[in-house]
Number of protein chains: 2
Amino acid sequence: MSIPSEPNPDLLEPVKVALTPQQRFNDYLQSRSMRNTEQRRSVLDCVFKQHDHFDAEQLLERLPAKGEPGHVSRPTVYRTLGEFVDAGLLRKFVLDGRSVYEHDYGYPQHDHLYCIKCEKLIEFQSEELLKLRDEVANSHQFQVRSHRLIISGVCQDCRKGRRRVRRKVDLI
Amino acid sequence: MSIPSEPNPDLLEPVKVALTPQQRFNDYLQSRSMRNTEQRRSVLDCVFKQHDHFDAEQLLERLPAKGEPGHVSRPTVYRTLGEFVDAGLLRKFVLDGRSVYEHDYGYPQHDHLYCIKCEKLIEFQSEELLKLRDEVANSHQFQVRSHRLIISGVCQDCRKGRRRVRRKVDLI
DNA sequence: TTGAATGCAAAGGATTTGCAGAGGC
DNA sequence: GCCTCTGCAAATCCTTTGCATTCAA
């Protein structure tokens, strides 16, 4: 399953979708006469096995090691992640100099709080923000395609916990 | 002068500040026993001569060429930009894989519309956004340090003008 | 069979670093 | 004079690319 069934207060409600990510990706491949390879299947399974944010490096560590079945090389991981973004399965954004990916398909639009101490990403949804975004765009005759809001600061846990680590430069 | 005096509808109203960027940077240097070098002066003048967004490459092109007085090497430009960010003179954010800088000192908080066609950045201010940001943070017991909102799309000029260029991946 | 996909090694672009010499204070 | 700064060259990090080989359809 692609969507965790355990209730988790940190996760937003999944959106109802007709197809599994696998089925949707198959459609995407067929529509472009691309091939359903073992590597693409392996990466897709790995990506949708857990719901979290990850970068290419983390995905590589999570995939089977070299020599194991299901192993995928670094260039292919990068290529495949780009395909998932194109296919609408993943969204990509940049944090601290590297690309971070998150589930898009079957998951609602949202934005993030980013803890500069523990680097945790906390998701939140805001209708109001969308309205505000569209109003601003309208007033500039600007046609919106997407937006990205990241609020940086210190999360609840890190405020309570050990002393705060000060960084020289914000990461966003 | 650091703040342009010509009225420009695309610029927000400058904030009243007691010191010039030069004076403020001198204070910063002295407070850290850092030195007021010709290179730092040259970069500072260049950066505050015009109000716009720029990256390290563009700044290098704008600075005097190698051999000319006021020339600054690439590593020093990078080092100096970091100091300006620390000193609160500049803000930095990442767009399309490179770091972009803009005036912070003497300039009000704002966010951006980003045209994915002509790569223009349009500034806007929204009290409402700040309120919304603080509400969201509050509800997560999150201590805000900063935020970054970029709305991507197509600007007025590019909508009217020539046909739109489609990109494979959004840049934010 | 045949074009698409993979893995390797190598390139790429932006940024950073080690270090010897230059230069503020 | 001391200690910071600079410039150079080289390294680093993340990501992409060229190309011969492998493989799905």
Side-chain angles (χ1 to χ4, degrees), chain A residues 22 25-44 54-61 63-87 90 92-101 167-171, chain B residues 22 25-44 54-61 63-87 90 92-101 167-171:
Chain A
Q22 283 78 7
F25 190 53
N26 281 344
D27 289 356
Y28 172 84
L29 292 178
Q30 297 203 350
S31 73
R32 306 210 177 186
S33 26
M34 291 165 71
R35 287 163 187 180
N36 185 343
T37 65
E38 188 190 339
Q39 287 87 341
R40 282 175 176 145
R41 270 179 268 123
S42 180
V43 175
L44 187 54
F54 62 90
D55 59 25
E57 196 59 44
Q58 294 168 323
L59 181 55
L60 274 159
E61 285 165 17
L63 280 162
K66 196 167 188 168
E68 309 293 318
H71 172 73
V72 181
S73 71
R74 183 177 292 271
T76 297
V77 163
Y78 276 99
R79 283 186 280 236
T80 307
L81 285 173
E83 291 161 10
F84 291 175
V85 172
D86 274 0
L90 295 181
K92 166 183 169 176
F93 56 101
V94 174
L95 204 55
D96 194 13
R98 83 230 188 260
S99 294
V100 174
Y101 300 85
R167 296 193 178 237
K168 287 203 124 185
V169 178
D170 277 355
L171 301 176
Chain B
Q22 285 77 6
F25 190 52
N26 281 343
D27 289 356
Y28 172 85
L29 292 177
Q30 296 202 350
S31 73
R32 306 211 179 187
S33 28
M34 292 165 71
R35 285 163 187 179
N36 185 343
T37 64
E38 189 190 337
Q39 288 87 342
R40 283 176 176 143
R41 269 179 269 122
S42 180
V43 176
L44 188 53
F54 62 91
D55 60 25
E57 196 60 43
Q58 293 168 323
L59 182 54
L60 274 159
E61 285 165 16
L63 280 162
K66 197 168 188 169
E68 309 293 318
H71 172 73
V72 181
S73 72
R74 182 177 292 271
T76 296
V77 163
Y78 277 100
R79 283 185 280 236
T80 307
L81 286 172
E83 292 161 8
F84 291 175
V85 172
D86 274 1
L90 294 181
K92 166 183 169 176
F93 56 101
V94 175
L95 205 56
D96 194 13
R98 83 229 188 261
S99 294
V100 175
Y101 299 85
R167 295 192 180 238
K168 286 203 123 182
V169 179
D170 277 354
L171 301 175

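Excluded from the calculations below are hydrogen atoms, water molecules and symmetry mates; all remaining heavy atoms, backbone and side chain alike, are included. It should be emphasised that the depicted structure is a prediction, and the values quoted were computed from it without experimental measurement. Convention: sequence-line order gives letters A, B, ...; per-chain numbering from 1.
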Donor-acceptor pair, B:Ser42 side chain versus B:Glu38 backbone, under 3.5 Å?
->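 No; judged by distance alone, with no hydrogens or angles, the pair does not exist.
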
Within the side chain of A:Glu61, is there an N or O that forms a donor-acceptor pair under 3.5 Å with the backbone of A:Gln58?
-> no

Rounding to an integer number of Å, can you tell me how far [X] [atom1] sits from [N] [atom2]?
{"X": "B:Leu63", "N": "D:dG7", "atom1": "CG", "atom2": "P", "result": "11 Å"}
{"X": "A:Gln58", "N": "D:dC13", "atom1": "CD", "atom2": "P", "result": "16 Å"}
{"X": "A:Glu61", "N": "D:dC14", "atom1": "CD", "atom2": "P", "result": "11 Å"}
{"X": "A:Glu38", "N": "C:dG7", "atom1": "CD", "atom2": "C1'", "result": "14 Å"}
{"X": "B:Gln30", "N": "C:dG24", "atom1": "CD", "atom2": "P", "result": "16 Å"}
{"X": "B:Glu83", "N": "D:dT6", "atom1": "CD", "atom2": "C1'", "result": "11 Å"}
{"X": "A:Glu68", "N": "C:dG7", "atom1": "CD", "atom2": "P", "result": "14 Å"}
{"X": "A:Arg32", "N": "C:dA4", "atom1": "CZ", "atom2": "P", "result": "14 Å"}

Parallel, tilted or perpendicular: which describes the rings of A:Phe25 and A:Phe84, with under 30° parallel and over 60° perpendicular?
->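 Taking A:Phe84 first and then A:Phe25, their aromatic rings stand perpendicular (interplane angle over 60°).
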
From C:dA4, C:dG7, D:dC5, nucleotide with atom closest to A:Arg35 side chain = C:dA4

Distance in Å, [X] [atom1] paired with [Y] [atom2], rounded so as to fall on 0.5 Å steps:
{"X": "A:Gln39", "Y": "A:Arg41", "atom1": "CD", "atom2": "CZ", "value": "8.5 Å"}
{"X": "A:Tyr78", "Y": "A:Glu83", "atom1": "OH", "atom2": "CD", "value": "15.0 Å"}
{"X": "B:Thr76", "Y": "B:Leu81", "atom1": "OG1", "atom2": "CG", "value": "10.5 Å"}

Just to confirm, is there a sub-4.0 Å distance from OP1 or OP2 of [N] to any side-chain nitrogen or oxygen of [X]?
{"X": "A:Gln39", "N": "D:dC23", "result": "no"}
{"X": "B:Lys66", "N": "D:dT6", "result": "no"}
{"X": "B:Ser33", "N": "D:dT4", "result": "no"}
{"X": "B:Ser73", "N": "D:dT6", "result": "no"}
{"X": "B:Thr37", "N": "D:dC5", "result": "no"}

Which angle, to the nearest 10 degrees, lies between the helix axes at the two ends of the helix from C:dT1-D:dA25 to C:dC25-D:dG1, each defined by five pairs?
->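 The end-segment axes of the helix from C:dT1-D:dA25 to C:dC25-D:dG1 are tilted 30° relative to each other.
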
By nearest nucleotide on DNA chain C, pick out whichever of A:Leu29 and B:Arg41 is the more 5' one.
-> A:Leu29

Is the shortest side-chain heavy-atom distance between [X] and [Y] below 4.5 Å?
{"X": "A:Asn26", "Y": "A:Leu29", "answer": "yes"}
{"X": "A:Leu59", "Y": "A:Leu63", "answer": "yes"}
{"X": "B:Arg40", "Y": "B:Gln22", "answer": "no"}
{"X": "A:Arg74", "Y": "A:Leu60", "answer": "yes"}

For each nucleotide in nucleotides 12-21 of chain C, reading 5' to 3', give B when a protein heavy atom comes within less than 4.0 Å of its base, S when such contact involves only the sugar-phosphate, and - otherwise.
-> --SBBBB---

